[in-house]
Amino acid sequence: MNIAYILYPEVIISGQSNGIRSQAENWAVSLKRLGHNITFINNWKHYDWKSFDIIHLFGCSGSWHNDVAFRLKHINPNICFSPIIDPKPIKLENKSIILKNYIRIFFPFTRFLTQDKYDNFKLIFVRSQCEAEYLTKIKGVDISKLAHIPLAYSYKEGCISEGDRSKRKPFCLHISSITQERKNVLRLIKAAKKYNFELVLAGNKGTPEAYYHLEKEISGCDNIKVLGFISEEKKLELYKTAKVFALPSLYEGVGIVAVDAALYGCEIVISDIPGPKEYYAGMASLVNPYSVDEIGYAIKGYLDGKVTTQPMLSEHIKETYSPSHIAKQLESAYYSLMQ
């Protein structure tokens, strides 16, 4: 197949650190191994749109995808879309309302207000059942238009090494854009202080103004280290040596860094929210992201050796989310679109 990949415009701001770009790139690499040709569309070039078997758009919902798809469908109707949805839970009386309650309470009014136009696409790709429910029950998309294709882990098959489990160090790792409020790093820091465990934070620290509140909370804490942006080699080293990886996000689509950490043998602590938890088959500790105590207790339990899910979790990730396995699912979905 000859396939075109189009990324949403804002990706130019975050560049290579953008998760949506990474998803498209990883899928492209796996599809090329199956013999397909992938063209990353550049706005400064000219294309014969009829020459593509598939045109696949990636990115956040909005007018951009409606406009592009509406124009393209008159030239080539084989258009699909990965909307990449991270549904935000609603807080009511200081309690998080999960997606199904959001649907039950607010669906009649919200659907009217937020209806997006997906009728220009033959197929919509979702990464989780949570995204599927959001699109069908909130956005009104017909379920027959959806293809459930999970994310694959980020590394080459055959090159995975968990490291020596006996040499893992008793610390908790977190990797993200750490000053993003939704990553919930402030509560993770408070948990490390209260439960006295070693915490290593890696990732973009943002502006000095954004980092100030974290820096102030960390001040004087010898058990908390901030590495900032790290190389791919350093990331792999941390995956292979950390005992626990925590991603207590307030909302998250998947959180591929946690999937990768599980692949390399880390125990996983993740928020009890729809979407991310679907990837672990019950082998991750699920916590209320608003509770410092739940976060701290779960991490401490793994660090103290009271509970373990490894190496079973790593084997589950390898079997279920390998790039070749996901690529075959994607290939099958593309062929169905062409019929």
Side-chain angles (χ1 to χ4, degrees), residues 7-23 25-26 59-60 84 86 88 151 154-155 169-262 264 266-271 273 276 287 289-292 295-296 298-299 303:
L7 293 180
Y8 76 118
E10 288 87 345
V11 76
I12 62 172
I13 299 171
S14 49
Q16 291 184 342
S17 65
N18 185 279
I20 298 173
R21 171 175 167 162
S22 296
Q23 176 180 335
E25 288 176 333
N26 290 340
C60 305
I84 319 295
D86 297 344
K88 295 182 182 180
L151 294 190
S154 302
Y155 297 97
K169 299 176 182 178
F171 71 90
C172 175
L173 174 64
H174 173 88
I175 300 174
S176 73
S177 295
I178 62 174
T179 52
Q180 282 189 12
E181 185 178 357
R182 73 184 182 95
K183 297 299 182 180
N184 205 25
V185 174
L186 188 59
R187 287 189 180 89
L188 183 56
I189 291 169
K190 290 180 178 180
K193 292 171 65 175
K194 183 173 183 178
Y195 287 84
N196 194 32
F197 59 80
E198 185 177 347
L199 174 64
V200 175
L201 301 172
N204 191 340
K205 295 194 293 185
T207 65
E209 293 78 15
Y211 183 59
Y212 172 76
H213 297 291
L214 299 185
E215 187 177 36
K216 183 179 179 181
E217 190 70 34
I218 293 168
S219 179
C221 297
D222 295 334
N223 61 316
I224 302 175
K225 298 177 182 177
V226 181
L227 303 181
F229 185 81
I230 57 175
S231 66
E232 195 63 28
E233 292 74 21
K234 182 63 176 179
K235 184 189 295 185
L236 288 174
E237 176 191 327
L238 291 169
Y239 282 157
K240 293 179 182 180
T241 54
K243 196 166 186 180
V244 181
F245 186 95
L247 190 68
S249 305
L250 301 179
Y251 60 95
E252 190 80 55
V254 173
I256 198 65
V257 286
V259 175
D260 289 341
Y264 276 97
C266 294
E267 308 286 359
I268 301 299
V269 174
I270 200 161
S271 299
I273 55 176
V287 297
Y290 294 97
S291 171
V292 169
I295 295 168
I299 293 170
L303 292 175

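All values derive from a computational prediction rather than experimental measurement.
Within the structure, salt bridge (Lys or Arg N to Asp or Glu O under 4.0 Å) pairs that include any residue of residues 225-236 comprise Glu198-Lys225, Glu232-Lys235, Lys234-Glu237 (at least two apart or interchain).
Closest approach of Gly255 and Leu247 over heavy atoms only: CA-CD2, 3.7 Å. Between Ser176 and Lys183, the shortest heavy-atom contact is OG-CG, 3.6 Å. Looking at every heavy atom in both residues, Asn184 comes nearest to Pro289 through ND2-O, 2.6 Å. The two atoms that bring Leu303 and Cys172 nearest to each other are CD2-N, 4.4 Å, heavy atoms only. When every heavy atom of Tyr195 is checked against every heavy atom of Val292, the shortest pair comes out as CE1-O, 4.2 Å. Shortest non-hydrogen contact noted between Val185 and Ile178 is CG2-O, 3.4 Å.
Although no hydrogens or angles enter the test, the distance criterion places a donor-acceptor pair under 3.5 Å between the side chain of Ser271 and the main chain of Ser249. Formation of a donor-acceptor pair under 3.5 Å by the Asn223 side chain with backbone atoms of Asn196 is not found in this model. Between the side chain of Asp260 and the backbone N or O of Tyr155, no donor-acceptor pair lies under 3.5 Å.
Note that CD1 of Ile256 and CD1 of Ile175 are 12.5 Å apart. Values are rounded to the nearest 0.5 Å. Rounded to the nearest 0.5 angstrom, Ile218 CD1 and Tyr211 OH are separated by 4.5 Å.
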Chi angles and distances behind the salt bridge (charged side-chain N to carboxylate O under 4.0 Å, His left out) call for Glu252, Arg182: CA-CA 8 Å; Glu252 190 80 55; Arg182 73 184 182 95; 3.4 Å; yes
- request: Kindly determine whether Ile299 and Leu188 satisfy side-chain contact (heavy atoms from CB on, under 4.5 Å), including the steps that lead there.
  value: CA-CA 10 Å; Ile299 293 170; Leu188 183 56; 3.6 Å; yes
- request: Apply side-chain contact (heavy atoms from CB on, under 4.5 Å) to the pair Leu201 and Leu214, showing each step before the final yes or no.
  value: CA-CA 11 Å; Leu201 301 172; Leu214 299 185; 5.7 Å; no
field: Audit row: Ile189, Leu199, side-chain contact (heavy atoms from CB on, under 4.5 Å) steps and yes/no
entry: CA-CA 8 Å; Ile189 291 169; Leu199 174 64; 4.2 Å; yes
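Tyr264 has its ring centre no less than 6.0 Å from the ring centre of Phe245.
Judged as a side-chain hydrogen bond (donor to acceptor under 3.5 Å, both in side chains), and not counting sequence neighbours, the contacts of Glu217 are Lys193. Qualifying salt bridge (Lys or Arg N to Asp or Glu O under 4.0 Å) partners for Lys190, counting only residues two or more places apart in sequence or in other chains: none.
A 4.5 Å side-chain heavy-atom check between Pro248 and His174 finds at least one atom pair inside the cut-off. Considering only heavy atoms from C-beta on, Ile20 comes within 4.5 Å of Tyr8 through its side chain. Residues Leu250 and Arg187 are in side-chain contact: their nearest non-hydrogen atoms beyond the backbone lie under 4.5 Å apart.
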